[in-house]
Each structure stands twice: as C-alpha cells, then as structure tokens.
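Just below is one structure, and these are the notes that go with it.
Reckoned from all heavy atoms, side chains included, excluding hydrogens, waters and symmetry mates. In what follows, chains are A, B, ... by sequence order, proteins preceding strands, each numbered from 1.
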Amino acid sequence: MNKTSNHKITVGLPLMYHEQGEKRGFLPDFIYALEKNGADVFLEHDYGSGMKLEASAYSDAAPGVTFVSHNDAYQQDIVLNLRCPSDDDLRKLHPGSCLISMLHYATRPERVNLLRSLRLKSISLDSIKNDSGNRMIENFRAVAWNGLEAAFQTLQNTYPEPGFFSPDRQAIQITLLGAGALGAYTVKAAVHYGSIPLHEKLAQDNVPGVIVTAVDYDITNHARIMRGLLSKTDILVDASARVDSTRPIIPNDWLAYLPAHAVILDLSVDPYQQKLGKNYTKGIEGIPQGNLDKFVLFPDDPAYARIPDYVRKENRRNVVSCYSWPGIHPAECMQMYGQQLRPIMRILLNQGGLNGINPNGRFFERAIGRALLSKIGR
Amino acid sequence: MREEPGEKRVFLPDFTQKLTGIGFEVFIEEGYGNSLNFYFDNYKSDNPSIHPLEREEVFKQDYVLILRSPHDGEFVLLGKNSCLISMLHYPTRPLRQKIMGENNIQAISLDGIVDDFNVRLVENMKSVAWNGLEAAYTQFEKYTPNLIREDGSPWKVLVLGTGMVGKQAMESASKLGKKERNYEHIRLGGPGAVVTAVGRNITHNKSQMIELLAESDIVVDATQRYDPSKPIIPNEWIAYLPEHAIIVDLSADPYTLDSKPPVVKGIEGIPHGNLDQFIFEKDGPNWGKTIPQSIPTANKRKTISCYSWPGIHPESCMRHYGQQLLPLMQVLHKKNYHTLSPDGMYFERALFRARLDSYLKKQIKR
C-alpha cells in the first residue's frame, strides 16, 4: 500500500448498507481534501445519495473522482467506511490493504480475529487518540444532543397534567447513569432540552428548567438510594461505560419505580449478546435496541420480541434508543467527522500509507499509531 | 513566574530537552525550577542548546514562554521582536490587552489556542475540577473516615454550570475527588455521591435553588456568567445550606468592583483564594481579607477557592501543559508570529487564532 513514484494511493469509499435510515457518507469537500493530498478516490455509485447529494456534487468538488461498483470500492489500498462493513464485505478487501472504520476493537473480538485472518491492516476511528488519551474522531456531542432531543419530544407527549409546556409544572428531573466523557456532554444537552429553540421557548414562557442528577456506576449498587431517585425521574439516561457488561446497572425490576410517563434514553447502546458462555446485557435491563429507522419504542413495540430470552423485560416504559445517534442529522455529522479526519488522512497519504507512519513520530502519527490493529494484543 | 509563594509551576526538564530536539536554543532564567527542586543541571543535562540567563535577558528572546502572564510592569522588558506565549485571557483582561497593544507586543495567548471546533488545545480543566473537589472531600474525610457516614447516606453535590469545568466537576464529584479514594470507598461498601447539575434555567429560580441548597453537602461554582456583576447565589441563600456544607469555587472570578462592568463572585460573600491559601474556615482570620467591604458576608460556610487550581499539583500540571505545547512549538520553530496563517495546517491555524493581532482584528469586526 506504499505510494511509489508511479502509484498513487487509492482510497475506496463504499456505501454503508445498514438500516434504511443510515444516510451518511463523507461530504464532497472531504473527498476534495483526499484528492488534494494525492489520493485516487473511488466512490461507490450513488455515494451521498442518502443526503440527496448528486454525483456531480462530488465530481465538481473533486474532478478526479471515479464512481465504481460496490465490489470495486472495496478493492482499493485504503477503504474508508464510517461504520464497520459486514463480514462479507470485509472479505472483499485484498490482503495488505487498510480498512479505516469505527471498529471498536475492545468490544468486538470476533471482528479483530476476522481482520487478522484476512491479513488486513486497519485503523479504528474510535481508537485514534491524542497524547492525553482523548478520542480525536468522535461525535459525543451529537450522541447526547440528538438523543436528548428525541427523549424530550417523547416526554412532551407523555408528561402528565399540567403538561410539559406549563409554567406550573415541576422542573424536569433527569437521572444520568455515568459521569464520563459521554455523560459530560449529556448534562449540557439535558439542561438545554436537547434543542436550543425549545430551550429558548420554554425559558421565554418561564417554564421551570431541568435538573440533572448523575450517579456513577458504583452508587447503583445501593438499591434504596436508586429507588428514591428513580421514583422522581422523568428521563432516565444510560451514558455509562461499564467495566462488566454482563451485569446491568438498573435491573428490570427497578424500572417499576419509574413514573408511568418516564422516558428511558439509551445513549450507550450496548448490545445484548452471548459470547463465550457469557450473557451480555444493556445497562438498563430489558429495554429494546433501536436504530436510525426507528428509535422511539413504545412498551408494545415488536422490538421487545427481539430481546434475548435470558433478559428480563416485564417492566417497560417508553424507550428512546438508536445504534447510531449522530446519524440522525447526517450532513452535520459528516461535516464534523470530515473535519476531524482530515489531518489524519493528510498525514497518512503524505507518508505514503500506513507503512510510512511512525507510531512514535509526530502528533497525528502517534494518534494513528494508537489505533492500529497491530497494537491489539492477541 | 513571580506570583504567590505557593505558585511552584515551571516547565519541566523533559520539556526543555524536547524543545532543543525541535531545534530551539533554550534560555532559562537563573533559579528556574528551584520551587520544584529542579536546578540548572537538571535542565542542562549536558545539552549544549540549554543556557542560563538573567531574567531581563530571557525576556529578549524570540519566544518568551511563561505560564501565567507577566505583571503589567514587566511587558516593557520584552524585546522588540520577541513573542510572548502565556495565559493572557484577552477577553477578561482589558487593561492588560491595552498595555500590550500600546507596547506593540507580539503575543500568543495559551488560553486562546483553539481548534477548528473552538476547543482549547492548552487547558487543564480536568485539574481545576479534580483538585477543587479533592480538597473539599479531604475536609470531610478528616472527621468521616473513608467518607462513610453513620447513616449510610450518599454525599450530595450541587454543581452550578454545565460547561467544560462543570462537566469535569460532575465526574470528579461522583468519584469523591480522587479515584483511589473512591475505590477504597466502594470496597468498603460506601454509598458514593449523588451529583446534581443545574444550568441557568434553574439557578434563577429562588425556591427551587433553596430546595437544592438545603440538601447539599457541597456546592460547586463552575459557572461562566453572562453578567459577572451579579452573583448566582446571593449571600442570603447561603443560610439554607447545612452548617457542615462546603462551597467550592472553581470559577475563581476575582472581586474587581472598579472594572467595567464590575465583577463579583458567583457565590456572594466568599473569599478569593490562591495557591498559598485555598481553604477558608468560616471563622478563620483571613476570611474577609479578599472581600470588598460592600459585599454582604453575613452568611458563611467553609469555602475552598483558588485562583490557579491546576497549580496544586504543579509537576503533573506542567507535564500536561508540556505535552499539549510540544506540537505547537514545532510549528513555531518553522513559522513566526507574522507568518502564521489562518489557512495553514491544524496546529498553525490554532496558533493563528491565539495571536493578539487576530483577537484584536476580530474585535474590530464585531
């Protein structure tokens, strides 16, 4: 994959074939930046169409771009895809080529094994970190704001008398599980109702605001305290990053303490899965998983039927959950990712590809170095 | 830095060695580092590019790097072509800005170095929050071993403000200000902390605030006010706090009643601390020393306040700043104040935004 005098590095950008609501693709100005840095860029036919971008938007911005088939987009030196491709698509990459995607090495051991067995190289976007250990390609802000926006929209319909918009109602009580990086963005979004216009309207009408109570994972072992908090909660948010994903933070029984109108917001979107004889569960037990097609799930939603049998799910409330929260506003999301990724791609292309990256080199090289598949222990 | 004796921060020998690796010749003021038990030999370490120099001469170098701003009277020491790199806080220090402008000083403000998303690249908000909360919980721990109370109740913390410092305050408050302490607390079955955060849409509501204050063990001011001339918590509201409660002042706005607009603290009638003294007992001798007479002080609670929270742990603070500064210094080795471009690479753009010239031009446009 090294650039030589007569070989420009090729970059393939396939479409993401996930749920229909997944509309994201990198924007034309980002594609132009790739080309400007010496790459030959191959976009899958219809790239960007989910965001109503015509092929001409790309070819006007980056005249050298070539539109190719799904298969051919995977046959390039570097394949860039925001969400990890399916296993079948991963097999389309040729050995030695480099996949750049949100690969979540730590929680996807099978994927790591597959990448290795296919002799692929990879950079996991979620592992690109600066010297202080902060993620450089992330959109926690969109996760928090989009999630809270959806949760408050749902709460508007369920909130009891005198109603959500009444100046006579109590302040909205949010209980937040997790006080880490995502939790931090959640607090800001929550006190603004996940929507600046809504926040301004309610402030203008003198409607009481929002109180956010955060509890770290550890206090949740104290049932008496948690029950007290849950009983006055309007929105319960899971923004936790658990060490042990086999144990929920809120067992399904406890959901019974939530008021009937309460909304559960799932920002962590941990999966239910069985691996190596262990049952993994969401932080809030018994809530269903949503996606970009459907992220508001009522207690009778068919999604409950897809929850594995080992999970208790008798107690239910309205749930707001989405595997890809930033994807709700695709263009804004890709603007952000494009801007964050630009210096990474520039150094990767200018160094002649992954083999030219020195993991102990300059700032962005070090950041890339931390995200390599080869860094993951066997 | 010629500040209070408790200000011990200096850039570390490892950082200056790396500066020479970039290609700089480094000149160190005599006595630099002594506050942290570093001496010139620690900095020199046989490196021919590191030299001792008197303070006046240090100010004449191409770049003058000093974490906290020099005092107003020291700006005249800067060489004609020198570029000062420091925490200059242009927006809140109009007088300093004026002096620098009058002296045609080239300056890059460390707090103004922001990326394309307006996120600061040289900051230590985490230390602000963690150091402040660590100090507060340590006070409680003096009479509550392992922070486990007899009634088994969790610590209740009220955080005012949900910006960068507020976010960090929530995390540190939920972990009892210190991870090691939190692990031990959990191991012993402690109930932890319940942290409540409120923004502007609650803080103006007196009855709601009194309800929250009445059950708080710790109140944290992490606000950034639109109008710093008005407090968020008037002194009379402090009366509703439990007697044992502690106020933590992370915003650390000083009382400057003669500025326009005047600035008062977010929590009215609390003292303004520094690295020499940041814990104030309500009946302590220094309580009133920093509070102007016109400020009401009838209601008092133990207060933790410090102008430079990260300086409490000076070495780790400077390691952090050094790490953040190195990629920026690489750019400054190739470019200078005048050749920095808003269309340059990532770090160059960030530096451009922090130039005094860039700031002043932006102000004129507004």
Honestly, the part of Ala171(A) sitting under 4.5 Å from a heavy atom of chain B is both
Applying a strict 4.5 Å limit to non-hydrogen atoms, the region of Arg224(A) in contact with chain B is side chain
task = Would you kindly check if the NZ (Lys) or CZ (Arg) of Arg200(B) is within the cone defined by 45 degrees around the ring axis of Tyr226(B) and under 6.0 Å from the six-membered ring centre?
result = yes
Whatever's closer than 4.5 Å to a heavy atom in chain A on Ala173(B) counts as neither
| Arg169(A) to Phe164(A), cation-pi by 6.0 Å centre distance and 45° axis angle | yes
key: Check against salt bridge (charged side-chain N to carboxylate O under 4.0 Å, His left out), Asp131(A) and Arg366(A)   = CA-CA 8 Å; Asp131(A) 297 336; Arg366(A) 296 197 296 275; 2.6 Å; yes
Honestly, the part of Gln340(A) sitting under 4.5 Å from a heavy atom of chain B is both
The complete set of salt bridge (charged side-chain N to carboxylate O under 4.0 Å, His left out) pairs with one or both residues in residues 146-157 of chain B, sequence neighbours excluded, reads Arg149(B)-Asp217(B)
Are there over 12 heavy-atom neighbours, none belonging to Tyr63(B), within less than 6.0 Å of that residue's OH?
yes
Applying a strict 4.5 Å limit to non-hydrogen atoms, the region of Ile211(A) in contact with chain B is both
Note: Ile113(B) and Ala354(B) closest approach over all heavy atoms is CG1-CB, 3.4 Å
N/O donor to acceptor pairs below 3.5 angstrom from side-chain atoms of residues 136-143 of chain A, sequence neighbours left out:
| unit_1 | atom_1 | unit_2 | atom_2 | d |
| --- | --- | --- | --- | --- |
| Glu138(A) | OE1 | Phe140(A) | N | 2.8 |
| Asn139(A) | OD1 | Ala142(A) | N | 3.3 |

Bottom line for Leu212(B): the part with an atom under 4.5 Å from chain A's heavy atoms is side chain
Honestly, the part of His320(B) sitting under 4.5 Å from a heavy atom of chain A is side chain
Of the listed Thr203(B), Leu158(B), Asp116(B), the one with the largest count of heavy-atom pairs under 4.5 Å with chain A is Asp116(B)
Whatever's closer than 4.5 Å to a heavy atom in chain A on Pro327(B) counts as side chain
Comparing Gly163(B), Gly161(B), Ser174(B), Gly192(B) against chain A, the one with the most heavy-atom pairs below 4.5 Å turns out to be Ser174(B)
Compute the centroid of each ring, for Phe30(A) and then for Tyr337(A), and state whether the two points are separated by less than 6.0 Å. no
So, the part of Asn206(A) with a heavy atom under 4.5 Å from chain B: the answer is side chain
Ranked by heavy-atom pairs below 4.5 Å to chain A, first place among Lys175(B), Lys126(B), Gln324(B), Met164(B) goes to Lys175(B)
For this output row, return yes or no: ring centroids of Phe347(B) and Phe352(B) closer than 6.0 angstrom. no
Applying a strict 4.5 Å limit to non-hydrogen atoms, the region of Met345(B) in contact with chain A is side chain
Okay, Asn182(B) and chain A: the region with an atom under 4.5 Å from a heavy atom over there is side chain
Of the listed Gly190(B), Pro191(B), Ser172(B), the one with the largest count of heavy-atom pairs under 4.5 Å with chain A is Pro191(B)
Only one of Trp145(A), Tyr185(A), Phe152(A) passes ring-ring contact (aromatic ring centres under 6.0 Å, His included) with His192(A), and that residue is Trp145(A)
